[in-house]
Structures are given as structure tokens and as C-alpha cells.
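Below is one structure, written out as C-alpha cells; the observations come after it.
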Amino acid sequence: MKKLILIDGNSILFRAYYATAYPGATLMQTSKGEYTNALFAFVNMFTKIVTNGEENVLVAFDTSEPTFRHLSYDEYKAGRKEMPAELAEQIPRVYEYVRLMGIKAYCKGGYEADDIIGIYATEASSKGIKVDIYSSDRDLLQLVSDNVTVNLLKKGMQEVSSYTPKTLFDEFELTHNQIIDLKSLMGDSSDNIPGVPGVGPKTATTLLKQYETLENIYEHIDDIKGKVKENLINNKELAFMSKKLVTIMTTGNLDYTLDEIKREETNYPELVSFLQKYELHSLVKQLEQPTVKVEWDYNVIETEEQLKTILKDNAAIHFEFSEENYHLADIWGIGYFDGEKSFFIDKELLKTNTLKDYLKSNKIRKQTYDFKAAKVNLLWKDLDFNNCSFDLLLAAYLIDSHYGKEEFKYIVSKFNYDDVEYDDLVYGKGAKKGLPEEKSVYQKHIVSKARAIYLLREKLITELKNENQLYLLEELEIPLSNVLAKMEFQGILVSKEELHKQKITLEERINNLTNEIITLAGKDFNIASPKQLGEVLFEDLNLPHAKKNKTGYSTNADVLLKLKNDHPIIPLIIEFRELNKLYTTYIVGLEGVIFEDGKIHTIYKQALTTTGRLSSVDPNLQNIPTRTEEGRQIRKVFVASENKYFLGSDYSQIELRILADMADVKALQEAFNNKRDIHSETAKAVFDIDGDVKSEQRRAAKAVNFGIIYGIGAWSLSEDLNITPKEAQNFIDKYLGVYPEIKKYMEDIVEFATKNGYVETLVKRRRYIPELKSTVFMQREFGKRTSLNAPIQGTAADIIKIAMIDLDKYLEQNNKESKLLLQVHDELILEVPESEIKEMEEIVPKIMSNAYDLKVKLEASCDTGKTWYDI
DNA sequence: TGCGTCACG
DNA sequence: ACGTACGTGACGCAA
């Protein structure tokens, strides 16, 4: 042994506790209420001390048993406050942590932690072993010697002062041997050691500089003068007793020999699950070291014969595509890893029954990254892909919903896996993106992804299991992935005639508007440019400008609406804006994404939103206009196939129902269960109305109901309702008075989020909210609002996902021709043959309302028609 | 590429 | 004094 680290566990634990338990602080707790603040801070300090795995370390603790010090001096450590229960309960956890690190945590009756350290330090030092002691207790300075360094942790936890004989002398002007005598003279209030009354550090140091030791001081007591001499003589016994008390043992009978202090291997899996159990996720991340690079190679599979020998159950398979839009993308390669061997499978083999059957099989499990992408692409090739047992993208998304936006490399790096390259580095980016010349470069890259999937599976599954989220992966997201793949592939038919008709009409109207606007403005300019428009309105026409933004005048709809009567150009611009939006985004936009089959095939991003909702891209079919009649016309472009009808079914007030359930709002529950109009009901309660509710009052109540879901603010409510912020605040107060459970829920959820750093839905989908820890006020406020909103929005997302899975199952099991086409957050759109309309009108809303049991019943409406406009 | 704008739930 | 409700995607402009 070359080096030994001795840690004063008690001292560090106290520091750790009080560093995070300052007055007014909320102590860190797990969701079950176990305190973890000291454990957390202890681990942080500990990992700074014990950096690599090579040192021999012992952590010494006190016991509650009295030592010879208590026995020889009644007042020893008297007056010390008892350890807070919040700290005491964490001690076993700290022991466990140290043990899992592969390090001995040791205490023994009759010995203080100091003594254990003193004994081992002395023994090691005598054998020429260098010793590092860590504590915040200055008493330990007496152990400093040529071989023993004492490191004292300073208040901020950040700094450490190291004491060697030299630095000790520099600071105290005394040798390390004199530290005991110093303490004996000056005493120590924290341990209730008396010392010599009237003698403080100054006097003690002066005396010791002259006489070296306590004993020698008394031998020369007559050389000393005045009050000091008197004090010394009167308290000689106290001085020598103090010396006994402050002297740390250097010999004793301990249970381990030095050799037995050898460090063992850290048990990483157990340590990770220990830290996860106590919800110390940031520590899990810090703790993990990058995995050791393993050298690996792969074989290229080019024949069916070779293929037959490698395909196994539950291997990882990765399809790499030429484009993000995977519908008709080229397959750049197929990576495959069975846990031992790595392969690159030639895509030509997709023509073989061996590969077709393997992919399609419901018996053979496959592990993937973005199962849906592969399935959709294969469906276009008239192949199928089934039985996904694990999907890395979905699993990572469930662990942290912020990960889903990121690329493969980033995601795996979050789980400390770095044996994958950045896509950009392999394929280039932008216009230059393409397969590199060198085959082995991209082949290896694609195979490396399959390896990552396989090698990370266990870890992610364990993490999900620990947080009770495995259900979400295996019973919700993966099955949903399969449903979404079918919906995307199915697509929705558009009428090119209708599209063209609307295009012509819009073009003409926009042209006319443009001419009129230019005439009124008196000069030619680009109306679609907010910058140019702002200049025309607020400089040329001198209209009053209210708001400004970073780049100039604001010209948004709100501003324009307020100027409506100030100039005849304004209504024209409002209309231009509306029509231009419809034209560019919806008419021209949709025209450009029609496939050869005459349909539009969107892509649902399943791992993107932080709340658990889906998003729809290429094109976005979740924001097709409906609020204005003009815009709603666009929906006539989407038509049912021949002899089929659209069936739309949407949840009624699902988010408010979830709020009524989660916050346990009795009045809301009752209103919902009696199928009353929820906004009128709210208006009645808030305005204390008996009879009819005026539409204005209902509107106000509706605004607050919505506001609550978003994390209401008086200012925005006042904007929304055109009242003063003060009136809005009154309104909110009244509302919360009527529904006190909501007030409580809002407070509780923010407290939970602040304490735990995340919020969750009814089925444990989690959203971390780091903004709550921000030092920026606005950021923290944002964090609070999302804490309120995410569980509600997320639960609604969970419920409709369950409904989709249930519905798909029903359709499959009963061999129905009806197909799910679209999901728009709280509504489902199906294409139904005439023969199934009646059944579906009954079954779809039923499955939707039965998807999840809340304290209030879920209701879903139902409509059918030939175009989307009609439902 | 970032911004402003506006479409949806 | 700050800036103002949650979650999205697509467009055109301007740099």
C-alpha cells in the first residue's frame, strides 16, 4: 500500500447536512418523503475526495456509545444539540452508499471517529505509507506529520485546506506536536472542553512558542507573570484533563488490519439502482464513467445462406434511411447485433423470404431505434415489421422527454455510451448529405447503432423499472408505435380538384387585395414582410404604434385589430394575412406533399413533445384550420376514399375532466357527472348566479377554466377578457375560492416539482422541469406554469394513446375494414366503409371514454361525413 | 438561421 | 423591474 485516505464520516456528514439545511431551505426528499439532502451532499463531497478507484479508503464514524472521554469528564460534549431526525435517518443510507462504493465504513464502540483515524494514520505512517485525512474538525491537525496530511473542508464545501507540517507552522507558528497543547490551553467550546479559563488562542500560542509544551509551561510557571500565571495555577488540573480529552488515540484495538482496508470494486449496477431508489438522478449521471472502448468488427451479410445462420430472437436491428422523411426513403443499410457478433446486412436481402419472415414474425422479438420509421418504410415495400420488444428512442424519451428531440449520438451519450459517431460527421449535412465513398465508414456507423441499442437495453429497462415506467414503454409507446405506423402508411386522400378550385379563388382574392393595399399605401411593397408593412403603417401612414419587438414594429393580428377603425387599409391587411396564410401554408403547402397515390402521409413524431403529446410533420395535419369558416373550407380538400366515410370522434373537455380528477374538485366532478355545461356551471358558481348565465359571463368562466390548465396569470387573463389586471386577479381569487381544491392542487404540484425536479402524469410519464432551479425569475415562473400544465396535458395524451391502442386492437381482432387515419390531440379520425358506420359510431366513442377510469366519466362525441369539413 | 406570424389542441 | 398561459409546425422574410 502506498497511500491511505481516512475520512471523518461524521464530520463530513454534518457539513453535508447543514450545507443544504440552511434556514428556510426545503430539504431534499424522495417522492416517498425520505430525506436525501445530506446523502446527496455527502456523495458530492465524497466523490471529490475519492476520485479514482485506486486509493485505499476508510470512512470512520462515531457510535452513540460513550468513550473514555465521556467517562472521565461528565461535561464532555455536553450542551450539544441532538442530531436532527432528518439527518439521523440518512446515516444508514450513507453507510450503504460507502459500502457500494467498495469502501469500508467503520465505527467501533468506545472509539470516536477521530481515534479510529488516529490509530490507522499512526500505524500507516510508521510503515512509510502516505496518509490523507479529510475532515472539517481542526482537532485532527494534531495528527499532521511528515507522512500525514490533514485536509480540512472549508465552509463552502468547495475549498480544502491541506496541512503539512510546514503549512501548519506557517499558519499557527507552532509545530504539529503542539496542537494538542494549544487545545488543552484554549479549550474547545464545541466539545465543551474547558481549557484554561482566560487563555485564548493568542496567549496559548505565545506561551507555547516560548515553552514548547504544556508540561514545560508549568515547570517554568514562575517565569510567567500576572493574571495568566494566576489562571494557569488555578486551573492546572483542567488543563491536563483537557489535554487528555483532546488527545486523539494513536494506538488501540481495531478490527481491521491495514491490509484489510484495501478498496474493493465499486458495484456500479447496485450503486446506480441505490441512487435511483433515492431519486438522486443527477448523481447517477455524474457517477458513470464513459464506457471502456471495446474493439469490435463486423461482417457483411450478402447471401440468404449467411443470413439464415445469424438471425436470432431479440437481436437489435437498425435501418438507416437516406432522409428524415422515411416514407419513400432509400435504405442506406441495415445494422444487426445479437449481443456477440455484429453484422451489416445487404438491403438486397430484403427480397429474400428469410429476412421478410424474420421481420414480419410475431414470435421473433426485435430491438430497434425508431421502430415506426422502419415499419412504415417496409410497409411501402410491401413488407411488414412486427414484434418490437425494445425501442431505444421511445425508452430514452420516457426516461427524459427532452431527449427525444436529439439525435442518436446525443441520446446514447446521455446514457454514457459513446461508441457511435455523429451522423453529420459520417454523412455530411445540408445539401452535401450523402453516403460516404468508403463503404466501411457508413457500414460501421450503421452497425454501431444496432450495437448501442442492444448494449443499452438492460440499463434503460432497469431505469424504467425503477421509476415504474416499464408499462409506458411496453404497453403504451411500443404498441402505439405500431398503430401510428399503420396510420402514416394508410394516409389520407385529398381532392386535387377541390384543392385547385380553392387555389384559383384564393389567388384571385389575394391579387385583388394586394392591388387595393398598394393603392391605399401609395407605394409598392411586400405586404408579407412584417418589416416593410410596419414601415408603411407606422411611418408612411403614421398610425399609432403600440407594441414593438426586437426587430421593429409589431404588426400581428392583435395590433391590427386595434387599428381596425383607424385606416381603411387595416381590414384589407387583416384579410390579406388570413388568406395568404391559407394559400401558402395550406393550399401550396399541401399540394407539395401529395404522394403518387393521391394521399398525404404525415409523420407523427412520437418522441418529441415534452408533455407526451404527438406532433405531426411533413405536413402537420394537426393544425388544419377550423376556427374561422374561411379557413375551415380547407378541410373540404380532405376526402374519404370511394364508398367510405370519415368518422371523427373527440373528447369533450378532457383536460378539465383530468383536472377535476387530479385535483379532486368535487363541484367540477359533480357538474361533469351530471353532464352540465362546465363553463356555465363555473360562471354560476363564480358570479353567484341563480338563473341564466349571460354569454359574456360564460366566456369569462371559460377563459379562467382554460387559464387554470395553463398556469394562469392575472395579466394574460385581463388581456384575454379585456378587463384590468386587478379585475382579473379578483376573478381568479373568486374562482379559487369556489374551487379550493384547485388552489391546493396548484400549490401541491409546484411544491412537488420543486422538491423532485419533475412532474408526472397519472400513468407516470415524467417531465423534468430544470427551469424551477433557475436563478432567473421568469424562468422559475415558467417552470411553475409547466408544472401545473404538464401533468394535465400529458395525462390527456396518455389517455388518447391508450384509446388508439384499444381501438386498433378492436379493429384487428374483429377484422374490420375501418381504419384509423389521424389523431389531433383529443380527437380521432377514421375512415369507415358504409357497412361499418353504425358499429363504429357506437364503438369508437365507447372505446375512447373507457380508455381510462377517472373520477369523472370521459365523454366523446361522434360525427361522420364525406369530407373532413363535414365532421 | 432566427424571427415574426399564425394555424391547431 | 421584469414581461406576461401550456403544447406544437410551417411559412416568408431578412440577414
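Order of the sequence lines sets the chain letters (A, B, ...), proteins ahead of strands, with each chain counted from 1. Keep in mind that what you see is a predicted model, and the values were worked out from it rather than measured.
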Please say whether more than 12 non-hydrogen atoms of neighbouring residues, nucleotides or ligands are located less than 6.0 Å from [atom1] in [X].
{"X": "K405(A)", "atom1": "NZ", "result": "yes"}
{"X": "E324(A)", "atom1": "CD", "result": "no"}
{"X": "K564(A)", "atom1": "NZ", "result": "no"}
{"X": "Y422(A)", "atom1": "OH", "result": "no"}
{"X": "H500(A)", "atom1": "NE2", "result": "no"}

Can you check the [X] [atom1] to [N] [atom2] distance for me, whole Å?
{"X": "L659(A)", "N": "dC6(C)", "atom1": "CG", "atom2": "C1'", "value": "13 Å"}
{"X": "D720(A)", "N": "dA5(C)", "atom1": "CG", "atom2": "C1'", "value": "9 Å"}
{"X": "D558(A)", "N": "dA5(C)", "atom1": "CG", "atom2": "P", "value": "11 Å"}
{"X": "L533(A)", "N": "dA14(C)", "atom1": "CG", "atom2": "C1'", "value": "15 Å"}
{"X": "R780(A)", "N": "dG3(C)", "atom1": "CZ", "atom2": "C1'", "value": "14 Å"}
{"X": "N620(A)", "N": "dG9(C)", "atom1": "CG", "atom2": "P", "value": "7 Å"}
{"X": "Y735(A)", "N": "dA5(C)", "atom1": "OH", "atom2": "C1'", "value": "14 Å"}
{"X": "Y586(A)", "N": "dG12(C)", "atom1": "OH", "atom2": "P", "value": "13 Å"}

Name the residue from R785(A), K784(A), Q779(A) that meets the side chain to side chain donor-acceptor pair (under 3.5 Å) definition with E781(A). K784(A)

What's the closest nucleotide to the [X] side chain, out of [options]?
{"X": "S529(A)", "options": "dA14(C), dG7(C), dC11(C)", "result": "dA14(C)"}
{"X": "Y710(A)", "options": "dT4(C), dC6(C), dG7(C)", "result": "dC6(C)"}
{"X": "K405(A)", "options": "dT8(C), dA14(C), dG7(C)", "result": "dT8(C)"}
{"X": "I712(A)", "options": "dA5(C), dC6(C), dA10(C)", "result": "dA5(C)"}
{"X": "T786(A)", "options": "dG9(C), dA14(C), dG7(C)", "result": "dG7(C)"}

Out of curiosity, T795(A) OG1 to L854(A) CG, how far, rounded to the nearest 0.5 Å? 8.5 Å

In the strands shown, is dC6(C) matched to any nucleotide by a Watson-Crick or G-U wobble pair with both distances under 3.5 Å, and which? dG9(B)

With both distances under 3.5 angstrom, what nucleotide forms a Watson-Crick or G-U wobble pair with dC3(B)? dG12(C)

Base, sugar-phosphate or nothing for [X]? Non-hydrogen atoms, less than 4.0 Å.
{"X": "E655(A)", "result": "nothing"}
{"X": "N580(A)", "result": "nothing"}
{"X": "I624(A)", "result": "sugar-phosphate"}
{"X": "D650(A)", "result": "nothing"}
{"X": "I709(A)", "result": "nothing"}
{"X": "F782(A)", "result": "sugar-phosphate"}
{"X": "A557(A)", "result": "sugar-phosphate"}
{"X": "A703(A)", "result": "base"}
{"X": "G711(A)", "result": "sugar-phosphate"}
{"X": "N623(A)", "result": "base"}
{"X": "R627(A)", "result": "base"}
{"X": "L614(A)", "result": "nothing"}

Assign the ring pair F321(A) / Y326(A) to parallel, tilted or perpendicular, where the plane angle (0 to 90°) is split at 30° and 60°. tilted

Fit a plane to each ring of Y735(A) and Y739(A), take the angle between them on a 0 to 90° scale, and name the class: parallel (under 30°), tilted (30 to 60°) or perpendicular (over 60°). perpendicular

So where does chain A start and stop touching DNA chain B, 5' to 3', when the test is distance under 4.0 Å to a non-hydrogen atom? dC3(B) to dG9(B)

So, is T610(A) near the phosphate of dT8(C), with a side-chain N or O under 4.0 Å from OP1 or OP2? yes

OP1 or OP2 of dG7(C) under 4.0 Å from side-chain N/O of R613(A): no

Rounding to an integer number of angstrom, what distance separates [N] and [M] when you compare their [atom1] atoms?
{"N": "dG2(B)", "M": "dT4(C)", "atom1": "C1'", "value": "22 Å"}
{"N": "dA7(B)", "M": "dC2(C)", "atom1": "C1'", "value": "30 Å"}
{"N": "dC3(B)", "M": "dG3(C)", "atom1": "P", "value": "15 Å"}

Hey, do the aromatic rings of Y758(A) and F752(A) have their centres closer than 6.0 Å? yes

With a 6.0 Å cut-off on ring centres, are F731(A) and F687(A) close enough? yes

Listed pairs under 3.5 Å, donor-acceptor, residues 556-563 of chain A side chains, sequence neighbours left out:
residue : atom : partner : partner atom : Å
N556(A) : OD1  : D558(A) : N            : 3.2
N556(A) : OD1  : V559(A) : N            : 3.2

Near DNA chain B, under 4.0 Å by heavy atom, which residues of residues 747-772 of chain A? none

